[in-house]
Q: 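Take this structure first; my questions come after.
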Amino acid sequence: MSKRPPQSTPSSTPKAKKSKNSGKGQLQLDSFFGSPSKRGPSSTSSAIGQKTLPVPIDVDALDDDGATQTSMRRPALPPAPASPARQAQPSAVDGASGTPRKAIFVFGAKVVEPEKLTFHPIDSDPVFYDPHAQPWTPTGAPYSFLAHTFTTLSQTRSRIAIINSLTNTLRTILQRHPPSLLPALYLLSNSLSPAYIGIELGIGSSVISKAIQQVSGLSAAALKQLYTTTGDVGDVAFEAKSKVRTLVPHPPLTIQHVYDSLLKISASKGQGAAKAKERIVEKLLVAGSGEEVRFLVRTLTLNLRVGAVRTSILTALARAFVLHGPPGNSSAGGGHSGSPYASNGLLQRIQPLPTDNKKKGSEDAAREELKVLFTGAEGLIKQVYVRHPCYDDIVHALLDHDLSHLADRVPLSVGIPLHPTLGSPTRSLDEIYERLGDLSFSAEFKYDGQRAQIHAERGEHRKVSTRIFSRHLEDMTTKYPDVVLLVEELLQLSPSISSFILDAEIVASDPTTEELKSFQELSNRARKDVQLSDIKVAVSVFVFDLLYLNGESYLQRTFRERRQALKPNFPPHSPANATLARLRHVESCESDEGQMAVQEFWERALESRCEGLMVKVLDYEPVEPGEGAKFKQGTKSRKKVLPATYEPDKRTSAWLKLKKDYVDTIGDSLDLIPIGAWYGNGRKASWWSPILLGLWDPETAKPVAVCKCMSGFTDVFYKSLLERYLVNSDTCSQQPEWDADFGGFRPDVYFRASEVWEIRGADITESPVSVAARGLVSESRGLSLRFPRFMKVRVDKGVEQASTPSFLASLWRKQQKAPTGTSGGVDDGDLIDADVEESDEFDEEEESDSEEGLDA
DNA sequence: TTACTGTGCACC
DNA sequence: GTTCCGC
DNA sequence: GCGGAACGTGCACAGTAA
Ligand SMILES: Nc1ncnc2c1ncn2[C@@H]1O[C@H](COP(=O)(O)O)[C@@H](O)[C@H]1O
């Protein structure tokens, strides 16, 4: 077999440069080719928020008004820049329309022909905006145009360049074929619909692999080889297809068609779905040419890796509209004073300028003006999006109405999830005080469950409709009928409440004692269409925020105010049936109670089966007059102050989190032996990643695999690994040359056990794959590590001093110990358990201790 | 019908 | 989920 | 500090084989 990446060329530099990469829906390498697998998909159909959005995005409607809209949209007309057509770009850009390109615009990093500058207020860019281009009718915007954008994006990491390219792309589509804007946004963001609609492709490695084989005629082995080399399935497809001669030219793909094909893939379900999906994929691959194929496959693979996912797109969308002007404006540019759009006059004051020098006085003033418009529109669009994350609604509003009405037309809505506030990691309480200075804050238990954004509203006859959304905005209402019931009871008890949005954590808990259970137990719940009667894992709902109440948004209120409204309106509640969901409030401690109290609270959190603390600023921090940004004063660090409002568009991580595994002195680490690895993907192609790690089992005198690890390594470290583990050397082999128990892990290559690394994790888990410590706590399953990451090399340790299965088992037992307090309790003294040991020495048998679980 | 297994996708 | 990197 | 990109674990589901 052909593997090849990190081999030879010691000290080689990874090829990483070329691509930017990627994302997350990873394909399983192993299955990518090799296997005879097939298997179908599982798609989900959508449940929709009561508020709207036709389930399948309403594509047809777009088609309908397409033509008309197109014709009414006229580009702004700055004086034509008399620049020669740009032939140089082979591209795609023009291909489909047949319009010779005249104006260009370039800038960005790599512009080669300075004389080509065209009028473009924001700098040059390889994706040209041509104010005189003809509409893309009747066919619609060509996919090759997007492919060209993708190619351009993937050649730089500069945010500025990325945003410029995106802006020109969107502006161009807006000008030449507005109906393509929406599908273009979905393709650019590598999604099919808002998350809460729940449209999934339902294809994975097997379908894509087979389609590529089919279309290219190459064998699975050949493709695997390409994959190993490139670390990107899209690149594989591109290479594979480039070897194929196409005899019959295909009509060009359009953006709309590609998007529709994706919807078709996701709509195909049931028997034979896999085949049907595969056929659609094949058609796309056949019809695509050149770069299109690369990006089609990356799209299908949910792995666009182009350096733009969300924020950049929103920024560009805002700019494109500012430049394009208001709807229905045939003379371009909005422009009266106070308009959010750029006027023609303003645009004209910005001359094409050579990329290398952006100077000039009056022009600077114009650019300054434009920048102000940009900033305003960007802030607006981001805010609207975060509160109502739906491109359909936003685009429709933008196409039909003035920017200044956007917030009203696309408001925070019950039934549509908003983006959640997150927490950024901190290393200690000291760091928290350091960052917050003397701001008042509340520290809360950080429960180990699942985020839930709960929406409810009374409809006709006061009938309650409830939706529950996950952290990633998926609709999981049907997973929690018990919580839905809880909500109904709450509303029965509080007749004056007509609607609300709560932020909460759902945690598995014992139905009788309410003892908190682990995340792993929560994850045993069924996910689809759960019936009340077959719920096996009872939960508590710990509410911590109130975002909307009785028709009113609370997002701009301070946390102190939101919490003050939360407590009386949503008191704790336990349904008569104890196996149903309970409503609880998170435990909290205020900074006013003093540093000592906070310290004790943190210790209590750790003893209560919580991950740690979540720390939230309570009050609005006044800004010094004349000061632009809000900075904390006091310490020299001058970090931006955290907002007390719920506005993730301004600061996604407005809270601070402190978890035990972030703290050096506590938290478990293991000393593990690298015993194998896989070929990395994307940015890490040509490096070993992830790495397979093992314990040392003194009984068998060999390593036993425990987990994979890919986090915590620096690029420099990766490079050094290549030298230490050169494939086909005496430290690294494609065969399992050195005896070890690999359990269910099948790495691409095997390492000779020779070093020991300190690996930190958050928890020990029971694993279906690992066989580490199997027999010690479970006969069938081994133990593994949650959130493993590399800390450092233990140069002082030999392989035989690595952590052992019995040590791992002891950590597991310690973790299973009952918490000292229960969730409702107020009292309970606590001692700080000093018994958390570092893994230095092995095998420390824990003192077992009897469960204690309940108390008043 | 049942049991197995691969796999997509979702949490964390 | 964690972490690293470039901007 | 942001935005993005690498990937971790493990579940229930859906298809297939029995
Ligand atoms: N009291 C709390 N406040 C906010 N988030 C919490 C709280 N308790 C648990 N969480 C969870 O912690 C998550 C953020 O932590 P992390 O995912 O580690 O960054 C949130 O998405 C919540 O699901």
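The sequence lines fix the lettering, A, B, ..., with proteins before strands; numbering per chain opens at 1. Computed from a prediction, not measured in an experiment: that's the story for all the values here.
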Q: With a 4.0 Å limit, can you tell me whether Thr311(A) has a side-chain N or O closer than that to the phosphate oxygens OP1/OP2 of dC2(D)?
A: no
Q: Output all residues satisfying side chain to side chain donor-acceptor pair (under 3.5 Å) with Thr421(A), sequence neighbours left out; order by chain, then residue number.
A: none
Q: Name all residues meeting the ring-ring contact (aromatic ring centres under 6.0 Å, His included) criterion together with Phe150(A); count only those two or more places apart in sequence or in a different chain, and write none if there are none.
A: Phe295(A)
Q: What nucleotide among dC11(B), dG8(B), dT3(C) has an atom nearest to a side-chain atom of His472(A)?
A: dC11(B)
Q: Output the single nucleotide from dC11(B), dC7(D), dG4(D) whose closest atom is nearest the side chain of Ser312(A).
A: dG4(D)
Q: Going by atom types alone, do Tyr196(A) and Gln453(A) pair a side-chain donor with an acceptor below 3.5 Å?
A: no
Q: From dC7(D), dC11(D), dG1(D), pick the nucleotide closest to the side chain of Arg435(A)?
A: dG1(D)
Q: Check whether any side-chain nitrogen or oxygen of Gln520(A) sits under 4.0 Å from OP1 or OP2 of dC12(B), and answer yes or no.
A: no
Q: For Arg159(A) and Ser312(A), test the side chains for any donor-to-acceptor distance below 3.5 angstrom and give the result as yes or no.
A: yes
Q: Please tell me whether Asp475(A) and Thr477(A) have a donor and an acceptor in their side chains that are separated by less than 3.5 angstrom.
A: yes
Q: Does a nitrogen or oxygen in the side chain of Ser767(A) sit under 4.0 Å from OP1 or OP2 of dT9(D)?
A: no
Q: Rounding to the closest angstrom, what is the interatomic distance between dG6(C) and dC4(B) at atom C1'?
A: 47 Å
Q: Counting only side-chain N and O atoms of Lys659(A), is one of them less than 4.0 Å from OP1 or OP2 of dT2(C)?
A: yes
Q: Return the set of residues passing ring-ring contact (aromatic ring centres under 6.0 Å, His included) with Trp757(A) (not counting sequence neighbours), or none when no residue passes.
A: Phe713(A), Phe717(A), Phe790(A)
Q: Counting just side-chain N and O atoms, does Lys657(A) come under 4.0 Å of either OP1 or OP2 of dT2(C)?
A: yes
Q: Please convert DNA chain D into dot-bracket. A pair counts if it is Watson-Crick or G-U wobble with both distances under 3.5 Å; crossing pairs go in [ ] and bases paired with another strand get |.
A: ||||||||.|||||||||
Q: So, OP1 or OP2 of dC11(D): does either fall under 4.0 Å of a side-chain N or O from Arg781(A)?
A: yes
Q: OP1 or OP2 of dC4(C) less than 4.0 angstrom from a side-chain nitrogen or oxygen of Arg789(A), does that happen here?
A: no
Q: Under 4.0 Å from OP1 or OP2 of dG1(C): is there any side-chain N or O of Arg471(A) that close?
A: yes
Q: Counting only side-chain N and O atoms of Thr765(A), is one of them less than 4.0 Å from OP1 or OP2 of dG10(D)?
A: yes
Q: Is the phosphate of dA14(D), meaning OP1 or OP2, less than 4.0 Å from a side-chain N or O of Lys528(A)?
A: yes
Q: Which residues satisfy the ring-ring contact (aromatic ring centres under 6.0 Å, His included) test with Phe544(A), sequence neighbours excluded?
A: Trp655(A)
Q: What are the atom names and distances for every N/O pair under 3.5 Å that joins the protein to nucleotides 5-7 of chain C?
A:
unit_1	atom_1	unit_2	atom_2	d
dC5(C)	OP1	Asp715(A)	N	2.9

Q: With side chain to side chain contact (heavy atoms under 4.5 Å, CB included) as the test, pick out the partner of Arg298(A) among Asn190(A), Asp232(A), Val233(A).
A: Asp232(A)
Q: Does Arg527(A) have a side-chain nitrogen or oxygen under 4.0 Å from the phosphate oxygens OP1 or OP2 of dA10(B)?
A: no
Q: Taking atom types as modelled, is there a side-chain donor on Ser767(A) or Ser784(A) under 3.5 Å from an acceptor on the other?
A: no
Q: Looking at Tyr718(A), does any N or O in its side chain come under 4.0 Å of the phosphate oxygens OP1/OP2 on dC4(C)?
A: no
Q: Between Ser540(A) and Ser509(A), is there a side-chain donor-acceptor contact under 3.5 Å, judged purely by atom types and distance?
A: yes
